[in-house]
Amino acid sequence: MIYLALIEPFLFWGGLLVFVASLGLYVKRTQDWQAVLRFWQPLISFTPLEFRINRIGLSLMLVAVVIRFVIYFMA
């Protein structure tokens with residue numbers, strides 16, 4: 001169980017870094033900062049690679065949150 005507690009911050013911050021990298025790839029390709037800043041509107045059209053990178057980052061953060069809840073309720 002201690003290993004999960006050690007891995008959780010790396011998963012979360014690594015996922016956040018991967019997520020921000022996908023947004024950076026989009027901005028580098030399109031120069032469209034407005035779409036990133038207005039994230040609640042469906043303006044971003046990712047390429048398949050950017051989409052996969054984005055979802056991997058979100059998935060890593062989600063796994064980290066699930067691990068946090070498991071550690072909290074199991075301890």
Side-chain angles (χ1 to χ4, degrees):
M1 192 66 92
I2 188 79
Y3 298 112
L4 289 179
L6 293 174
I7 248 175
E8 180 263 329
F10 292 109
L11 285 174
F12 182 80
W13 292 109
L16 185 62
L17 184 67
V18 170
F19 177 76
V20 169
S22 74
L23 294 178
L25 288 172
Y26 172 77
V27 169
K28 182 179 176 186
R29 179 176 55 90
T30 63
Q31 300 297 321
D32 186 15
W33 279 98
Q34 299 254 340
V36 174
L37 295 176
R38 292 184 294 167
F39 60 88
W40 59 89
Q41 296 175 346
L43 300 174
I44 296 179
S45 57
F46 287 127
T47 63
L49 176 64
E50 292 167 347
F51 182 78
R52 276 186 299 232
I53 292 171
N54 187 278
R55 295 305 172 191
I56 288 170
L58 288 173
S59 298
L60 288 172
M61 288 190 293
L62 182 65
V63 167
V65 170
V66 168
I67 289 173
R68 171 71 57 103
F69 278 114
V70 166
I71 291 170
Y72 179 75
F73 289 118
M74 298 297 264

For this session: Look at the rings of F51 and F46 and say which category their plane angle falls in: under 30° parallel, 30 to 60° tilted, over 60° perpendicular.
Result: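 Judged by the thresholds at 30° and 60°, the geometry between F51 and F46 is tilted.
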
Taking all non-hydrogen atoms of both residues into account, name the closest pair between [X] and [Y] and its distance.
X: E50; Y: S22; result: O-CB, 3.8 Å
X: I67; Y: E8; result: CG2-CB, 3.9 Å
X: A64; Y: L11; result: CB-CB, 3.8 Å

For this session: Please round to the nearest 0.5 Å and tell me the distance separating atom CG of L49 and atom CG of N54.
Result: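 Spacing of CG (L49) from CG (N54) equals 11.0 Å.
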
For this session: Quick one: pull up OG in S45 and CZ in R29 and give me the separation to the nearest 0.5 Å.
Result: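 One gets 5.5 Å once the value is rounded to the nearest 0.5 Å.
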
Honestly curious: do [X] and [Y] fall in one hydrophobic cluster under the side-chain, below-4.5 Å linking rule?
X: V63; Y: F69; answer: no
X: L23; Y: W13; answer: yes
X: V27; Y: I44; answer: yes
X: L16; Y: F10; answer: no
X: V36; Y: M61; answer: yes

Exercise. Looking at I53, T47, D32, which one forms a side chain to side chain contact (heavy atoms under 4.5 Å, CB included) with Y26?
Worked result: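 With Y26 as partner, I53, T47, D32 yield a single side chain to side chain contact (heavy atoms under 4.5 Å, CB included), made by D32.
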
For this session: From the options L60, I56, L58, select the one residue that forms a side chain to side chain contact (heavy atoms under 4.5 Å, CB included) with F19.
Result: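 Single pass found, and it is L58.
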
